[in-house]
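Some notes on the structure that comes next.
First the proteins, then the strands, lettered A, B, ... as listed; each starts at 1. As the structure is a computational prediction, the values presented were derived from the model and not from experiment.
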2 protein chains.
Amino acid sequence: MARIKTDNNLTRKEVIVTKAATLFREKGFKAASMRDLAEAVGVEAASLYNHIKSKTELLHELCFSVANRFLHKIDEVELEKTSSVEKIEKLLRFHINEMIHHYEEVYVSDREWKHLSDPYLSNFQNQRRIYRKRFAAIIETGIKNKEIKSIDAPTAVLIMLHAISGIESWHRSVQKISAEELEENMISILVGGLVNR
Amino acid sequence: MARIKTDNNLTRKEVIVTKAATLFREKGFKAASMRDLAEAVGVEAASLYNHIKSKTELLHELCFSVANRFLHKIDEVELEKTSSVEKIEKLLRFHINEMIHHYEEVYVSDREWKHLSDPYLSNFQNQRRIYRKRFAAIIETGIKNKEIKSIDAPTAVLIMLHAISGIESWHRSVQKISAEELEENMISILVGGLVNR
DNA sequence: ATAACATACTAACGTGTGTTAGCGATAAAA
DNA sequence: TTTTATCGCTAACACACGTTAGTATGTTAT
């Protein structure tokens, strides 16, 4: 009888969630079926329900675990006694590394959150809105300090975050530059576009 | 008996494609059903098939009409006798305006092309790859000229294109700055991040 | 060894999907 | 007005989906 392998002291549920992330990234949430997921896990579809409540629960877990990581990071960064540009750079580097090392989850959280259903959907949208506002506030401070050139802060946030989601293309490309080079290039362009010269 | 309205000398098929774009953007290609589309058009689902061959055909039309517009533009820009930075700025402004004024189509083409099926899928991916290479080549030239700082050109392209797709958030936001302000802010940040100082 | 539990299986359900066939209604051409 | 082509309808199809019920198998604790 097939059994879900649990290497590296992961629970069976965690194995499922991880495989779900890969699948949701590859095919999209709607197009990925529970039968697909079952096959990836090595089990029959119905067996998954011994470990999870529903397909949507998988999406919840993915979206909110990612969102929480970003919220904790901005909590931390806001408290630091550094310049605005340093704070922004720190956040960007965190985003970049999350996108590099937790690609599947972050990507799914970014692109598939629309398929959350409603207590969770509004919640997620709220967290997202608040996060962006706090990010924009850091930029605003930098503009007042003359560290950063006079631009519309929400637009800047939107550019930064979406630019980073482009790391998706890096992952898919055959000839990759190294992760470190990628990080430095992105920081150079993005921070370079903000600062007063 | 209900009939598809064709204002502004559009064919009935064009009306369907346009509504499909809106629907695919809102719900995603897979989650948007032909019955949803039929309701949006004001007709029964089966009636749509008097005008289109399949659901996927709708996606083809959207993806390739967008792709062709970008390819024609880069054809035009490459021929101009201007600096690399001017060429890039021109392309970026085109991208920005496409994203502002043909939001639905461009967004769908960007996010839902994965659901194309295979003669079209490879074709689309090819066009996309080639476009990005040509864009990167312009940047490379700019780097050799010392117009542009020494960065990895493919990474720069990826940042630019994804940053612009963030205009999606601008469309959804309640308090929008004007389209002109948006354009100038984006250009300022993106071009500012590239140029040598 | 036995009891208790966790996990996987088969079978099936109701529902929603894209799409086709065939028929009536409307509009355009003769 | 008659003919013809266009367009929309109802009904139905075959299929894939998420999920549940009930049962068998394997694992852990007594």
Side-chain angles (χ1 to χ4, degrees), chain A residues 1-7 9-24 26-63 108 112 114-118 120-121, chain B residues 1-7 9-24 26-63 108 112 114-118 120-121:
Chain A
M1 199 177 240
R3 204 130 204 281
I4 299 179
K5 278 197 205 163
T6 68
D7 303 333
N9 52 12
L10 291 173
T11 68
R12 285 174 167 71
K13 180 168 179 175
E14 285 165 339
V15 173
I16 295 172
V17 172
T18 304
K19 297 272 187 188
T22 307
L23 216 65
F24 292 170
E26 285 171 355
K27 313 184 117 193
F29 177 74
K30 270 283 175 184
S33 78
M34 293 305 278
R35 285 167 178 87
D36 289 337
L37 178 55
E39 190 179 352
V41 170
V43 100
E44 292 299 317
S47 309
L48 297 171
Y49 289 83
N50 287 316
H51 306 281
I52 60 162
K53 286 206 301 290
S54 65
K55 187 187 182 185
T56 329
E57 189 204 3
L58 293 168
L59 192 58
H60 302 163
E61 304 238 341
L62 289 167
C63 289
V108 169
E112 306 293 333
K114 278 188 188 179
H115 299 104
L116 289 169
S117 30
D118 209 352
Y120 299 94
L121 179 58
Chain B
M1 198 176 243
R3 206 129 202 283
I4 299 179
K5 278 195 208 165
T6 67
D7 303 333
N9 53 11
L10 291 174
T11 69
R12 286 175 166 73
K13 180 167 179 174
E14 285 166 340
V15 173
I16 294 173
V17 173
T18 304
K19 297 272 186 187
T22 307
L23 216 64
F24 292 170
E26 285 171 355
K27 312 184 117 192
F29 176 74
K30 271 282 173 184
S33 78
M34 293 305 278
R35 285 166 178 88
D36 289 336
L37 178 55
E39 190 179 353
V41 170
V43 99
E44 292 299 316
S47 309
L48 297 172
Y49 288 83
N50 287 318
H51 307 280
I52 61 161
K53 285 206 302 289
S54 66
K55 186 187 182 186
T56 328
E57 190 205 3
L58 294 168
L59 192 57
H60 301 163
E61 304 239 341
L62 288 167
C63 288
V108 168
E112 306 292 334
K114 279 187 188 181
H115 298 103
L116 289 170
S117 30
D118 209 349
Y120 299 95
L121 178 58

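Here the P atom of nucleotide dA6(C) and the NZ atom of Lys13(A) are 15 Å apart, to the nearest Å. With rounding to whole Å, Leu58(A) atom CG is found 9 Å from dT19(D) atom P. Taking atom NE2 of residue His115(A) and atom P of nucleotide dC17(D), one finds them 15 Å apart after rounding to whole Å. The OH-P distance, from Tyr49(A) to dT19(D), rounds to 3 Å in whole Å. For the pair Phe29(B) CZ and dG18(C) C1', the computed distance is 10 Å after rounding to whole Å.
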Pairwise N/O distances under 3.5 Å, protein to nucleotides 21-23 of chain D:
none

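Comparing dC9(D), dT19(D), dA8(C) by their closest approach to the side chain of Lys55(A) singles out dT19(D). Of the candidates dT10(D), dC9(C), dT19(C), dC9(C) carries the atom nearest the Glu44(A) side chain, counting heavy atoms from C-beta on. Residue Met34(B) has its side chain nearest to dG18(C) when only dG8(D), dC9(C), dG18(C) are considered.
Aromatic ring pairs are classed by plane angle as parallel below 30°, tilted from 30° to 60° and perpendicular above 60°; the pair Tyr120(B) and His60(B) is parallel.
The backbone N or O of Glu112(B) lies less than 3.5 Å from no partner atom in the side chain of Lys30(B), so there is not a single donor-acceptor pair.
Across all strands shown, Arg12(A) has heavy atoms under 4.0 Å from sugar-phosphate atoms exclusively, and none from any base. Ala32(A) comes within 4.0 angstrom of sugar-phosphate atoms only, judged by non-hydrogen atoms across all strands, and of no base.
A sub-4.0 Å separation between OP1 or OP2 of dT7(C) and a side-chain N or O of Ser47(A) is absent. A sub-4.0 Å separation between OP1 or OP2 of dA16(D) and a side-chain N or O of Ser33(A) is absent. An OP1 or OP2 oxygen of dA8(C) is reached within less than 4.0 angstrom by a side-chain nitrogen or oxygen of His51(A).
Annotation: Lys55(B), atom NZ; neighbour count of heavy atoms from other residues, nucleotides and ligands within 6.0 Å is above 12. The environment of Glu39(A) atom CD is sparse: at most 12 non-hydrogen atoms of other residues, nucleotides or ligands sit within 6.0 angstrom.
With sequence neighbours excluded, the residues that form a salt bridge (charged side-chain N to carboxylate O under 4.0 Å, His left out) with Lys27(B) are Asp36(B).
One N or O donor and one acceptor, one from the side chain of Arg35(A) and one from the base of dG18(D), sit under 3.5 Å apart.
Between Ser54(A) and Tyr49(A) the shortest heavy-atom distance is CA-CE2, 4.1 Å.
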